[in-house]
Structures are given as C-alpha cells and as structure tokens.
There are 2 protein chains.
Amino acid sequence: MPTIQEVAKQAGVSVATVSRVLNNSGAVSVNTRNKVQSVIDELNYQPNLLGRNLRRSETRMILVLLENIANPFYSKIVKGMEDTAHENGYNVLICNTNTDINLENVYLDFLRNKLVDGVIFACTAMGTKEFNKLAEQYPVVLCNEYNKDIKAPIITIDNEVAGYDATSHLIKLGHRKIAMITVNNVGSSYDRMNGYRRALKDASLQLNDEYIVYQNFSYKGGIRGIKQLFELEEPPTAVFCISDLVAVGAIKELKRQGLKVPKDVAIMGFDNNSIAPMYEPSITTIAQPRYDIGKKTMEIMFERIKGNLNSSYIVKLEHELIVRESTLPSVH
Amino acid sequence: MPTIQEVAKQAGVSVATVSRVLNNSGAVSVNTRNKVQSVIDELNYQPNLLGRNLRRSETRMILVLLENIANPFYSKIVKGMEDTAHENGYNVLICNTNTDINLENVYLDFLRNKLVDGVIFACTAMGTKEFNKLAEQYPVVLCNEYNKDIKAPIITIDNEVAGYDATSHLIKLGHRKIAMITVNNVGSSYDRMNGYRRALKDASLQLNDEYIVYQNFSYKGGIRGIKQLFELEEPPTAVFCISDLVAVGAIKELKRQGLKVPKDVAIMGFDNNSIAPMYEPSITTIAQPRYDIGKKTMEIMFERIKGNLNSSYIVKLEHELIVRESTLPSVH
DNA sequence: CTGTTAGCGCTTTCAT
DNA sequence: ATGAAAGCGCTAACAG
C-alpha cells in the first residue's frame with residue numbers, strides 16, 4: 001500500500017502537490033498534474049481516508065439506525081437517503097439496533113467518536129430526555145418516529161389525517177362496526193388512532209373501546225388482534241390494521257376461523273409494504289412517500305450539519321390511499 | 001469536545017497515561033486510574049477514533065455488501081454476523097449495492113481507503129477476475145454466492161443436495177410432471193437445478209427442457225414463470241421455485257388462472273423467508289441455516305484478517321426441508 | 001508506574 | 001506553481 005509520501009517521491013514533487021491533485025484544489029500546472037496522476041495510476045495508489053478524516057475532522061458518513069433491516073418498509077426510505085447522500089458527496093451506513101438500547105449506544109459511539117458526521121434515527125430505543133441531550137450536541141434527525149417532546153428535526157407523514165382517511169374509506173364502503181388493531185406508546189400510532197376516532201365521530205358512529213385492541217407491529221400481533229376482536233359478542237365487519245404485516249396476520253387468522261376477506265370482513269393495512277400487493281387477497285393500505293421521506297430526511301440532515309437548523313422542526317409529507325382486494329365493496 | 005491532551009492536563013498526568021486507562025493496558029496505579037477516570041467522566045470525554053484508527057491502522061469495522069436490505073432473507077444472516085463481530089470487538093456496516101457495479105465500487109473504496117478492515121459480499125456485481133484480484137489484496141469473503149473460479153472463502157449450503165431434496169419431496173408426493181422456475185448464471189441456482197435433474201433421473205422420470213424456465217428472483221419472475229409453464233400443452237402438476245418470493249408470484253398467478261394450490265398444483269419455494277409461513281397457503285420450502293451462515297462467515301472473516309487463511313476455502317452448512325400447505329398431499 | 005517522543009497519512013497555511 | 005512544516009488525536013516504544 002503506497003502512501004502519499006511514496007507517490008510524491010516517485011513523482012519528484014512534494015506531498016502537498018500530490019494532495020492538491022488528489023483534491024483538485026489549488027493551482028497545479030498541467031505538467032505536474034499529469035506526472036503525479038501517472039504515478040498514482042502506476043502505483044495504484046489509494047489515499048488512506050483515516051489520515052484525511054483525522055485532518056479534516058469530518059468523515060462524510062451518515063449513520064442510519066434501523067430497528068431491523070428485514071423490515072421492508074425502510075428499504076425505499078434508505079434508497080432515498082442514499083441517493084441524496086451520494087449527490088452531496090456523503091455515504092450512508094446502516095445499522096440494526098433491534099431497538100436494543102445497549103446496541104443503540106454502541107452505534108451512537110460512532111457519532112461520539114467522530115466516525116460519522118450525523119445520525120438518522122428510523123427507530124429509537126433511548127428515552128426522550130437522553131435523546132434531546134444527544135440532539136443538542138450532535139447532528140441528529142428523526143425519520144418517521146416522534147413524540148411531542150422531541151427537540152430535533154422530524155420527517156413524517158400526517159398520521160392523524162392518514163388514520164382519518166383509512167377509516168373514512170371503510171365508512172364509505174358502508175361499514176359501521178370498524179375496529180382498529182394498533183400499538184401503544186408510539187407517536188405515529190397514537191395519531192392514526194386519533195384520526196380513526198375523528199372519522200367515526202364525523203360519521204356519527206359510536207366509539208366502542210372494545211374495538212381498539214393493542215398489539216405490536218408484527219404478523220403475530222395481527223393474529224392475536226383478530227382473536228381478541230372475534231371473541232366479542234358483536235365482532236366488527238372491518239378492521240383497520242396499524243401496518244400491512246398486522247393486516248397479513250389478521251387475514252391469516254380470519255381465514256383460519258373460516259371467515260373470508262373481504263366478503264365477511266374488510267381489512268385495511270398501512271405502509272404499502274411490498275407484501276401488500278402480493279398477498280392473497282391483496283391489501284388496501286395507506287402508502288407513505290417512502291423515497292421522498294428518505295430524501296427529505298437526508299436533506300434536513302445536511303442543513304443540520306451546516307448549522308442552518310438548530311431547534312425542533314417538523315416536515316410532513318403527503319400520503320395516499322391505495323384500494324385493493326381486501327376491502328372490495330360488499331353489502332353488510 | 002475535549003481531547004486526550006485536555007484530559008491529561010486536567011488530571012495532571014501525561015497523555016500516555018490517559019491512553020493507558022482508556023485501553024486498560026499497561027500498568028497504572030489505582031490512584032492515577034481513578035483520578036484520570038474521574039476527569040474523563042467529568043469532561044464527558046469521548047476518544048476520537050479517527051486518531052486511534054490512524055495510529056493502529058485498523059478500524060475493527062467489517063463492511064457487508066447486500067443487494068438490498070429489503071430482502072428479508074439476509075436479516076438473520078446479518079444478525080449472525082453482527083453478534084459474532086461484537087463478540088470479537090468488531091462492528092458491522094451494511095451497505096446496499098443494488099448489484100450496481102458503480103455503487104459496489106464506491107463502497108469497496110471503504111476497504112481500499114482503510115475505512116473498514118474487511119468486506120463480506122452477500123452479493124457481487126463485479127466479474128470473477130476483478131473479484132479475485134481484490135480478494136488477493138484484501139480480506140474478502142463470500143456469503144451464499146459463488147462460482148467455481150472464485151478464489152476466496154465461501155460460506156453456503158450444498159445447493160445441489162438442496163435441489164435434490166426439494167424435488168424428491170415433490171416426487172414422493174406422487175408428482176411426475178415437475179417444473180422448475182429458476183434463474184440463469186447464478187452458481188447456487190445452477191447447483192439447485194443439477195439437484196433437480198439428478199432427483200428426476202434417480203426416479204426414472206424424463207427430463208423435459210420445457211419444464212425449466214428462467215426468470216429472476218422476484219415476485220414477477222414467479223408470475224411470468226407460471227404463465228410460461230401453463231401455456232404448455234402438458235402443464236406441470238408441481239413447480240419447484242428458486243425462491244419463496246418466486247413461489248409467491250407463482251401462487252398468485254395460478255390463482256388468477258383459476259387454479260388452486262396445492263389441490264391443482266403443488267408449489268415448492270426456497271429459503272424459508274419470513275413470508276413463507278405467512279402466505280396463503282403457507283409455502284413448503286428449504287430452510288437455510290441463516291444465522292449460522294452469518295456467524296460462520298464472520299468467523300472466517302476473522303481468520304482471513306489474522307492471515308490464517310489465504311486461498312479459496314468453502315464451508316457448506318446443513319439445510320432443512322420444511323413442509324407446509326403449498327404441497328399438501330393430493331392425488332394426481 | 002509514568003512521561004517523553006515519534007509518527008500513523010493526510011491537508012493546509014505560509015513562504016517563496 | 002510549488003514546497004516546508006505544523007498538526008489533526010491518538011498509541012506505543014523506550015527510558016527512567
């Protein structure tokens with residue numbers, strides 16, 4: 001592995017000059033440039049970025065924290081982030097935290113130890129107070145996660161309106177007994193539930209607390225949610241699920257109970273995961289503008305790094321209702 | 001951001017001593033250690049790893065190249081890699097290449113520029129010759145990808161036997177007309193197809209080239225594969241799909257054509273993706289020991305870094321047949 | 001047990 | 001247009 005020294009020696013110039021051609025900076029005569037470049041090519045020289053990064057005290061790396069890379073929801077978001085980062089001469093690192101606070105801390109050390117210039121949280125494990133302390137000291141932005149006390153830029157959709165739209169869709173199809181399988185203590189779910197409530201109210205339908213069941217974002221959450229709902233005396237005819245994966249679990253369990261979707265029960269998902277159009281039946285859902293969310297998040301990150309943004313700041317992007325088989329109209 | 005200098009000054013010791021307590025190395029008196037540690041805590045000092053890494057010329061980072069993080073197949077593999085890396089004081093970075101050779105090159109610069117100590121390919125874009133050149137110079141290992149000319153450690157299952165087992169399962173169920181939807185030019189698929197052929201031969205079934213259709217690993221590949229097969233005069237009664245995603249596309253398209261799985265056609269997947277048990281019907285498949293594959297891959301990486309391994313080396317782990325609804329016995 | 005010192009590879013003033 | 005030299009923050013001989 002040649003160093004810049006060896007290139008300089010072999011080209012008969014100083015290291016400063018080699019550095020200049022490396023960075024296309026300063027003024028270098030065409031002759032010298034060619035000479036240096038040919039030595040670089042000949043030796044197959046690759047600059048050691050550890051040296052550069054130390055000197056510049058920046059790495060042009062952004063860390064993205066995900067709960068789990070397996071969650072296909074984030075794939076397009078990450079693509080949006082990556083493209084935007086590359087356009088700006090940055091690179092993106094992805095790490096899984098499994099929402100494990102210890103693991104999260106390990107990766108946050110990358111930030112504290114100057115290995116990355118900023119962190120995007122697509123998932124948080126730590127508490128709000130701690131988070132705000134971190135966000136005060138370092139460039140940090142939140143993607144698709146939030147609560148009202150967070151002091152950092154946040155990029156998301158308007159989950160309240162999205163919940164309203166999802167529920168309204170079911171109401172328009174004639175459903176009166178509409179349940180929701182959701183999760184607890186997550187800002188976005190809370191907002192979606194508020195939208196659900198407002199839609200029922202606007203349609204003069206009665207709120208029934210038994211129709212709101214708390215599970216988690218998983219396939220199994222959907223199974224358990226349906227079990228719970230269909231033990232009720234008056235089971236719902238439509239279920240709004242907090243994610244497509246939950247919707248899949250719901251459909252699977254309904255099928256097991258001998259009920260047909262959408263004939264007996266309409267199912268609504270959320271996220272427009274890749275599984276939604278593929279499933280049998282395909283799943284009606286709310287699509288989030290995932291690529292744009294990623295893109296915007298990264299743009300905001302650069303603003304934060306430049307210091308143009310210092311306090312909390314929220315960006316809401318547009319969602320979209322996508323109607324598929326799981327809510328095909330039928331009479332009730 | 002305090003530096004080691006400031007800690008040293010404030011603690012009234014030399015930077016060497018601070019470094020020693022930081023690394024738990026050398027001998028430091030209990031008194032000094034406590035003093036230094038308290039200053040570290042007080043200043044909330046975090047060592048700048050750019051300095052350390054430059055000095056040590058290692059980063060204890062391993063880069064994992066994936067085609068796409070959205071592919072849930074890799075999630076457990078990555079978990080196995082991460083756990084093993086953490087046990088050894090290393091960290092894992094994940095990058096998407098989209099099998100784009102330019103993007104792959106961007107990330108490989110991390111290796112050439114000393115930002116990571118090794119690269120694991122779970123997906124390759126470059127040609128074999130180039131790959132071998134890289135593998136000669138740097139610690140590189142391949143996970144679940146290969147061809148016979150590769151000169152680097154490879155961790156995989158025995159795809160030929162797996163293909164044999166999958167096909168034999170269908171034969172045992174009484175099927176005689178067994179097709180395969182596969183992909184071209186991929187080492188593992190090639191081996192699985194050889195296994196498929198050998199199973200047919202061992203059962204004295206005739207090989208029918210029309211029953212082998214080439215698509216890609218996607219959902220749409222499954223749809224197109226079925227369309228092609230069911231335009232034949234004698235369509236198959238069972239189809240071995242090269243991946244679970246392909247199987248999903250296959251089932252969806254059969255349903256569209258009014259055929260039932262498994263009643264009319266049996267479908268076999270591969271990989272035991274998370275979707276396989278969730279799908280309707282659930283999908284019979286070959287499970288790869290994904291966590292162990294990841295674990296073993298990382299272990300081999302460390303051997304390579306230590307220099308204990310220099311040439312090509314192949315590790316084959318055990319696979320497993322998982323029978324589900326999509327091949328439930330029925331008479332033909 | 002502790003301090004002094006050189007240097008990892010690079011960039012960037014400051015001279016010339 | 002080019003070079004000399006300082007220094008980013010850290011570690012690791014070496015000396016004492």
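Predicted model only: the values in this text are computed from it and were never measured. Residue numbering restarts at 1 for every chain, and letters A, B, ... go by the order of the sequence lines.
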Tell me if the side-chain of A:Arg20 makes a donor-acceptor pair with the base of D:dG3, cut-off 3.5 Å, by modelled atom types. yes
Round to a whole Å and report the spacing from [atom1] of [X] to [atom2] of [N].
| X | N | atom1 | atom2 | result |
| --- | --- | --- | --- | --- |
| A:Glu58 | C:dC10 | CD | P | 16 Å |
| B:Gln5 | C:dT4 | CD | P | 12 Å |
| B:Arg56 | C:dG9 | CZ | C1' | 17 Å |
| A:Ile4 | D:dA4 | CD1 | P | 14 Å |
| A:Leu50 | C:dC8 | CG | P | 14 Å |
| B:Leu22 | D:dA12 | CG | C1' | 14 Å |
| B:Leu49 | D:dG9 | CG | C1' | 10 Å |
| A:Arg33 | D:dA1 | CZ | C1' | 11 Å |

[X] side-chain N/O to [N] phosphate OP1/OP2 under 4.0 Å:
| X | N | answer |
| --- | --- | --- |
| A:Tyr45 | C:dC10 | yes |
| A:Arg52 | C:dG9 | no |
| B:Thr3 | D:dG9 | no |
| B:Asn23 | D:dT11 | yes |

Choosing from [options], which nucleotide comes nearest the side chain of [X]?
| X | options | result |
| --- | --- | --- |
| A:Ala16 | D:dC10, D:dG3, D:dA1 | D:dG3 |
| A:Val13 | D:dT11, D:dG9, D:dG3 | D:dG3 |
| B:Arg55 | D:dC10, D:dA6, D:dT2 | D:dC10 |

Describe, in one word, how the ring planes of A:Phe131 and A:Phe121 are oriented to each other, choosing from parallel (under 30°), tilted (30 to 60°) and perpendicular (over 60°). perpendicular
[X] (side chain) donor-acceptor with [Y] (main chain) under 3.5 angstrom:
| X | Y | result |
| --- | --- | --- |
| A:Asn132 | A:Asp149 | yes |
| A:Asp117 | A:Thr59 | yes |
| A:Asn23 | A:Ser25 | no |

For DNA chain C, whose closest nucleotide is more 5', that of A:Pro2 or that of B:Thr32? B:Thr32
Nearest nucleotide by nearest heavy atom, which residue falls closer to the 5' end of DNA chain C, B:Val28 or B:Ser57? B:Val28
State, without any angle test, whether B:Asn98 and B:Glu67 hold a side-chain donor-acceptor pair at a distance under 3.5 Å. no
Please classify the nucleic acid contact of B:Asn53 as base, sugar-phosphate, or nothing, using heavy-atom distances under 4.0 Å. nothing
Hey, which sits more toward the 5' end of DNA chain D by its nearest nucleotide, B:Ser25 or B:Leu54? B:Leu54
